[in-house]
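This is the structure, below, for whatever I ask next.
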Amino acid sequence: MTIYAQFAAHIDAILDRLESEGTIPAGIDRRNVAVEPPRDASHGDLATNAAMVLAKPAGMNPRELSMKIAPLLARTGGVAGTDVAGPGFINIRLDPDAWRDELRAIADAGDAYGRSDMGAGKTVNVEYVSANPTGPMHMGHCRGAVVGDALANLLEYAGHKVIREYYVNDAGGQVDFLARSAHLRYREALGEDIGEIPEGLYPGDYLVPVGQALAEKLGDAHADAPEEEWLALFRAEAVAAMMDLIRADLALLGIHHDVFASEADVVAAGKPEAAEAELRGRDLIYDGVLEAPKGKAPPEDWEPVELPLFRSTKFGDDQDRPIRKSNGAWTYFGNDLAYHFQKAETADMLIDIWGADHAGTVKRIKAAVAALTEGKTEFDVKLVQMVRLLRDGEPVKMSKRSGSFVTLAEVVQEVGKDVVRFTMLTRKADAQMDFDFAKVVEASKDNPVFYVQYAHARIRSVHRKAAAEGIEPGGADLSLLDGEELALVRLAAQFPRIVEAAAKAHEPHRIAFYLNDLAAEFHALWNRGNDVPEKRLLLPDNAPLTKARLALADAIGQIIRNGLAIMGVEAVEEME
RNA sequence: GCGCCCGUAGCUCAGUCGGAUAGAGCAUCGGAUUCCUAAUCCGGGGGCCGCAGGUUCGAAUCCUGCCGGGCGCGCCA
C-alpha cells in the first residue's frame, strides 16, 4: 500500500468518526476527497482537500471543518504535524521515518512497485496499429503503434487483463489491388516483362519477393488464367505475406499482438447479419435514403438510394450511417460494427487507437458499441495526431507515387527502438508532433530519452564503483539520509499515483514526463557532489553513508526501470 | 454549412476528478568541470492561460457565445 493510499484510508476513518459523533452529517459523497503532494514542498509532505470538498454538503465553512479534521490527523501514526492553510487545505508533515519506510517499500516491491489492482482484473481489449495489409509499415503508423502498446502495458501494470489486438482489413477493395499487384510480380518472377506498374496498383519493391515465392509455390498455372480464377487465392496469399512483413516491422519496435482479427473472417462468420438482425429488432436499423452532403456542392453522380441505415443520430451522430452498399455488400462501418460487437464478447472495456484523420467516424462507432452492448461496455477511442518528419528542421519528402515512403524499419534502424518509442511518448497523443532525426539522436538534456537513461546509467555506475571499493549494498542505515535526499523519495513515492492516473486517463505519455522529472531531481542530487565532495554518493572512507545513499539511488533506479518497462524502453547500464 | 481536435512564456510543450504564488525544456543572460560519467547542475529575465460572459468558497481546467488554427464530412478504407 502506498503512502497516499494509507492516508486516504486514515482520512476515511476520521470522517467515519466525525459522522458517528454527529459533527458532520452521514452519507456525504467523499469521492472527490484526495490526498496529494502539496504544490509547494514547503507546505508539507501531503495535503488533503477533504474539508473543502465536504464543507458545502456538511453546511460548514471549509476552515471550520478542517479544524475538526486536522487535530485527529495529527494524532495518526507517522505524522509530525498538521496545519490548515489557504481556503482549507490540511497540510500534513510526516515524520521523516515515514519516507525511510517508503524507501524500504520500494526496495521490497522491486519490479512490482507502482503496480496496482485498480483494474480489478477487468479485461481490456486494446486495438492498435491495424494498418491495411497492403505493404510494410511506414512512419504514419508508428505513433499509434507505440501509444497503443504503451497503453496496453500501462493498463496491465494497473491491474487489468489486456488483449492486444490487430484488426486486419482484408475484406475491402484495396486487397484486390494488392492481389493484382502480387499477380503481376508473380508473372514477372516467371520471366515475363511486365513493364511499368500500372496506375492504381502497388508499385513497391516489397512485392517482388512475394511474386517470387508465389512462382515457386504455384508454378505457372495462374499466369495466363482469367482473374476470377486466381483472385481469391492471390488475395489470401498476398495478405498473408503482407502480415508477415508487418509483424516483422512491429517486432522491431518490440510490439507483439495477442490477436490478429480478420475482417474477412468476421464477414464469413455472418457477424454483420447477426448484428443487423439484433439492431433491426430494436428498431435501430431501418431502410432509408441518405441526404446529399450539405454545405459543399453534392457530387455529380449523386443519386438518392434506399439503404439499411443505423440510427447513430440517436446516440449523438449527425447522420444515420449505412451498413450496406447499394450492391448489397457490407460497408466498412457495417463490418466494423459487427467486429466491435465481437470484441465486446470477450472484454469488459474496449479501446481503439486511431489516426486523427478518422476523427469523423468516432461518433458512429461509439454509437454502435453503445447500441450493441446496451451501454454496458466501456469504450474509448484514442485519436493519435500526425507526426511531421524532419531532418535538421526541414520536412522529409515523402513520395507516395514511387512507393518510396519512409518506412518504419528505416527509422528504427537509423535511430533505434528506444529512441522511437520514448520520443513518441513525449507528447499527449492528441497533440501534433515533430520528429526530427537530427534531434532525437542528440545526446543532451533536450532529449528526454538520453536524459532519463543517463540517470539510470549513473546509478548503475556508482554501484560498480562502490563494489570496486569493496562496498556492497544491503543493510543500509537509512537514518543517515538527510532532508534533501528524503525529498527525492517523496517524488519517487508519487510513481504509483502517476501510474493510476495515467491508466485511468489512458495517457501513457504521463509516465514519460514523470520519469523526466524524476531524472532531473536525481541529476540535481548527484551534482551536489560536484560542489561539496562529502555529498557524493560514493564515499570510499564512509561505507555506512555510502550504503544508505546507494539504497536511495537504487530505489530511483528501480522506478526508472519500472516506468521505462511500461513505455517499452530499455534501461541501460552505461551510456555509449 | 456541420462535426471533432487544438489555442498556456519568443519557440516546443506539461499542468492530476476544479485547489494554494500557472510549470519544464529550448532560446537568452550570468555562474559551476583537480568530478561518483559536466551526455550534468545552479541562478536571472520572460505570462491579458485566444476573447467575453456564466457556474463556485475557488476556473488554465466545467458550461455558453465569439475569434483564430488543424482535420474530417458519399455507399472509400
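The sequence lines fix the lettering, A, B, ..., with proteins before strands; numbering per chain opens at 1. Small disclaimer: the values here were computed from a predicted structure and weren't measured.
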*Among G15(B), C76(B), G74(B), find the nucleotide with the atom closest to the side chain of Lys325(A).*
C76(B)
*Give the ring-plane orientation class for His141(A) versus His138(A), where under 30° counts as parallel, over 60° as perpendicular and anything between as tilted.*
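Aromatic pair His141(A)/His138(A) classed tilted.
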*Could you give the distance separating C6(B) and C63(B) at their P atoms, to the nearest angstrom?*
11 Å
*Same-atom distance (P) from G18(B) to C62(B), integer angstrom*: 7 Å
_Pairwise P distance, G23(B) and G15(B) [rounded to whole Å]_ = 15 Å
*Can you tell me which stems involve RNA chain B, if a stem is defined as three or more consecutive Watson-Crick or G-U wobble pairs, both distances under 3.5 Å?*
B:1-7 with B:67-73, B:10-13 with B:23-26, B:28-32 with B:40-44, B:50-54 with B:62-66
Under 3.5 Å, which donor-acceptor pairs link side chains of residues 463-474 of chain A to any protein atom two or more places apart or in another chain?
residue   : atom : partner   : partner atom : Å
His463(A) : ND1  : Ile459(A) : O            : 3.2
His463(A) : NE2  : Asp554(A) : OD1          : 3.2
His463(A) : NE2  : Asp554(A) : OD2          : 3.3
Arg464(A) : NH1  : Glu573(A) : O            : 3.2
Arg464(A) : NH2  : Glu573(A) : O            : 3.4

_For the P atoms, the ones on A22(B) and on G31(B), what distance do you get once it is rounded to whole angstrom?_
30 Å
_In this structure, how many angstroms lie between the P atom of U16(B) and the CZ atom of Phe513(A), rounded?_
12 Å
*Quick one: label Ala455(A) by what it contacts on the DNA or RNA (base, sugar-phosphate, nothing), any heavy atom closer than 4.0 Å.*
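Nothing, no nucleic acid heavy atom in range.
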_Contact letters for nucleotides 56-64 of chain B, in which S counts primed atoms plus P, OP1 and OP2 and B counts the base, heavy atoms under 4.0 Å_ = SB-------
*Give Glu574(A) one of three labels, base, sugar-phosphate or nothing, depending on what nucleic acid heavy atoms sit under 4.0 Å from its own.*
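Touches a base.
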*Would you confirm whether Asp352(A), through its side chain, and Trp354(A), through its main-chain N or O, come within 3.5 Å as a donor-acceptor pair?*
no
*asked:* Strictly distance-based, threshold 3.5 Å: is any side-chain N or O of Glu127(A) a donor or acceptor partner for the main-chain N or O of His340(A)?
replied: no
